[in-house]
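For clarity, every value in this text was computed on a predicted model and none was experimentally measured. Letters A, B, ... mirror the listed sequences (proteins, then strands); counts begin at 1.
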Protein chains: 2
Amino acid sequence: MTRRLAEVAKKVGVSEATVSRVLNGKPGVSDATREAVLTALDVLGYERPTQLRGDRARLVGLVLPELQNPIFPAFAEVVGGALAQQGFTSVLCTRTVGGVSEADYVDLLLQQQVSGVVFAGGLYAQADAAHGHYELLHERKLPTVLVNAAVARLDFPQVSCDDVVAAEMAVAHLRALGHERIGMVLGPKDHMPSRRKLETFVSEGCDPELVEHTMFSLEGGHAAAARLVRRGVTGVVCASDLLALGTIRAARRAGLAVPADVSVIGFDDSALMNCTEPPLTTVRQPIDAMGRAAVDLLVAQIDKAVVPADELLFEPELVVRASTARAPEEARAARR
Amino acid sequence: MTRRLAEVAKKVGVSEATVSRVLNGKPGVSDATREAVLTALDVLGYERPTQLRGDRARLVGLVLPELQNPIFPAFAEVVGGALAQQGFTSVLCTRTVGGVSEADYVDLLLQQQVSGVVFAGGLYAQADAAHGHYELLHERKLPTVLVNAAVARLDFPQVSCDDVVAAEMAVAHLRALGHERIGMVLGPKDHMPSRRKLETFVSEGCDPELVEHTMFSLEGGHAAAARLVRRGVTGVVCASDLLALGTIRAARRAGLAVPADVSVIGFDDSALMNCTEPPLTTVRQPIDAMGRAAVDLLVAQIDKAVVPADELLFEPELVVRASTARAPEEARAARR
DNA sequence: GCCTGGAACGCAAGCGCTTGCAATGGCTTA
DNA sequence: TAAGCCATTGCAAGCGCTTGCGTTCCAGGC
């Protein structure tokens, strides 16, 4: 760090003062000179000003619940890329089995002087203790964005995929194919997007008895769907692609074919879902747009703009592949 | 930020010099005075420099090239979990399109006072500039482990999957099924595991003309495999599962069936590969064991143990599913 | 031509912080 | 008890950077 300014000034042939102004983006420097100084900076191997200079590290925390579900790595890539373009470095924090809770990560991130935090897919609906760390963020006025994780009481800006539309789409698709006994496999009861899907499912007139909660994993989907299959559903709407794959497995284990006997709809459209057997019909989250919106909201807050604590709802999109088909004839016949 | 030092000095009743020494962790300050200064800092609401946060910096950096390939999130989960059990928090760093290079991350991690770094799957074979940051780690004696990323010249402990055995297994499997015209789809030329697989492929007597290099993505695999398929291969060994899925797609696009006309072998056995169409035959990396070994090596270094800079080789395992079958009869006939 | 205004830039003072050095004072040792 | 030592601390010089203000220079109006 020694004599940086003087060295650059000498190389360009200007005064230290001018270099200082360039580095801090101050006015009173011609474009040509500014360019020359920046070039010299690069030539001498110094970091560009925006990166790390002055006060705080340009770090942003990205807190995810897991990495098993491919949607989360995908989301991390989108957000990480968008942040990088804005000159921020993202620090990815994942809850791990043994240990680290969301609150721990918030402590850690505060300690590391992050400029902001993005939470995705967390369990924010829990009533009590778990909220302490959000209030901490709020007190410290640390820029924060929640993705698919509405917390009603706290006014953070939020970006979400519209679960109401997603559930409507899925149910409508199955009904159009003649399905009437439709089941639903959701995540844990305190998972917000799952709650919203459940509400929509019920308000669409589906049977709340045919809803199962489970963990977000293939095995969880398998177990939950096995119970549904036994109760004779012909179509299943799942809250993630992983759950859908588990559901397909459960149907087959019960001797049924997908989609001939049971139709299955996933949610997310994570990677590789067009390579599965059968290719999965699923409701796509526009994670690209959502990730970029989350970053925009975050950066706006970091730049001291006033960001309304609204929820930005993104429209999902039904991707019809081959895991859904007309309801089996006998099922339709039985209903006549 | 103005007059921070003077303000604190006045409050504690010492000189600015002493406060400065405390803030920088310099010697020559009594414990009592040091404590008083830190307390005053907190009282005045200033952030302590992270260095002085006691023993809280149990951080480990985990540097990955990407998250698209499901093997990396999976690896991150294993390493993150194992570290959490040892009381460490992992900070996941991924290179992003726009942005952040491995060297940037090393700077960042050094600045955040991490206890160690795990690198996985990087491109360490590059000859020149890219090595600066490794030497930096070496100079600072920061505990480091490389996974599947042998750097010949630097003596870091390494954990790898045995690429020689992996390539042998794949080739042997295809030959046992009667394949003779075997192709290979690899990652970039400077990717170490790909290099090793290439060497084994050649030393096994396969045709080096039937080797293609590409990016590690489904699309890359598609493009590379299309060239191989045109040249009449009946079996393809791929350096990742993603490449294998691309290869299957290329074969189908050319009007061929998998595995009836072309057999495809992947590498990694990442998640969901038993859900694909057809379920993928692949060479499994024991990432669980590798991840734990990497963490053990790292923690041993952190605990000041002397760890030999050897490469720990883990044996892969052939998982036979349904993307490989006997070579088509006409191909075998043509060879008689 | 001259005057005027403003952009561009350097000078140098000054700010916040670091650091060499010497003063201080408690503690050990002869 | 006196001498010596060394940890602790303040003083003040100095370093790297910022910034108010003055100078220079050029364009355009009169």
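In this entry the distance linking NZ of Lys10(A) with P of dG16(D) reads 14 Å, nearest Å.
For the pair Lys26(A) and dT18(D), the criterion of a side-chain N or O lying under 4.0 Å from OP1 or OP2 is not met.
Remark: side-chain polar atoms of Ser90(B) are not paired, donor with acceptor, to backbone N or O of Gly80(B) under 3.5 angstrom. Put simply, the side chain of Arg195(B) never gets that close to the backbone of Asp190(B): no donor and acceptor are under 3.5 Å apart.
Between Phe72(A) and Ala120(A) the shortest heavy-atom distance is CE2-O, 4.4 Å.
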Without placing hydrogens or testing angles, list every side-chain donor-acceptor pair under 3.5 Å for residues 287-299 of chain B, not counting sequence neighbours.
from      : atom 1 : to        : atom 2 : distance (Å)
Asp288(B) : OD2    : Arg292(B) : NH1    : 2.6

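By the side chain to side chain contact (heavy atoms under 4.5 Å, CB included) test, Lys11(A) is found to be paired with Ala40(A), Val43(A), Leu44(A), residues two or more places apart in sequence or in another chain being considered. Annotation: side chain to side chain contact (heavy atoms under 4.5 Å, CB included) contacts of Gln68(A) (sequence neighbours excluded): Glu66(A), Glu77(B). Under the rule for a side chain to side chain contact (heavy atoms under 4.5 Å, CB included), the partners of Ala36(A) that lie at least two apart in sequence or sit in another chain are Val12(A).
End-to-end axis angle of the helix from dG1(C)-dC30(D) to dA30(C)-dT1(D), using five pairs per end and rounding to 10°, comes to 20°.
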Interface polar pairs with nucleotides 5-12 of chain C, N/O, under 3.5 angstrom:
from    : atom 1 : to       : atom 2 : distance (Å)
dC9(C)  : OP1    : Ser30(A) : OG     : 3.4
dC9(C)  : OP1    : Thr33(A) : OG1    : 2.5
dC9(C)  : OP2    : Ser30(A) : N      : 2.8
dC9(C)  : OP2    : Ser30(A) : OG     : 3.1
dC9(C)  : OP2    : Thr33(A) : OG1    : 3.0
dG10(C) : OP1    : Ser15(A) : N      : 3.3
dG10(C) : OP2    : Ser15(A) : N      : 3.0
dG10(C) : OP2    : Ser15(A) : OG     : 2.8
dG10(C) : OP2    : Thr18(A) : OG1    : 2.4
dG10(C) : N7     : Arg21(A) : NH2    : 3.0
dG10(C) : O6     : Arg21(A) : NH1    : 3.4
dG10(C) : O6     : Arg21(A) : NH2    : 3.0

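Atoms OG and CG, from Ser115(A) and Leu142(A) in turn, are 8.0 Å apart once rounded to the nearest 0.5 Å.
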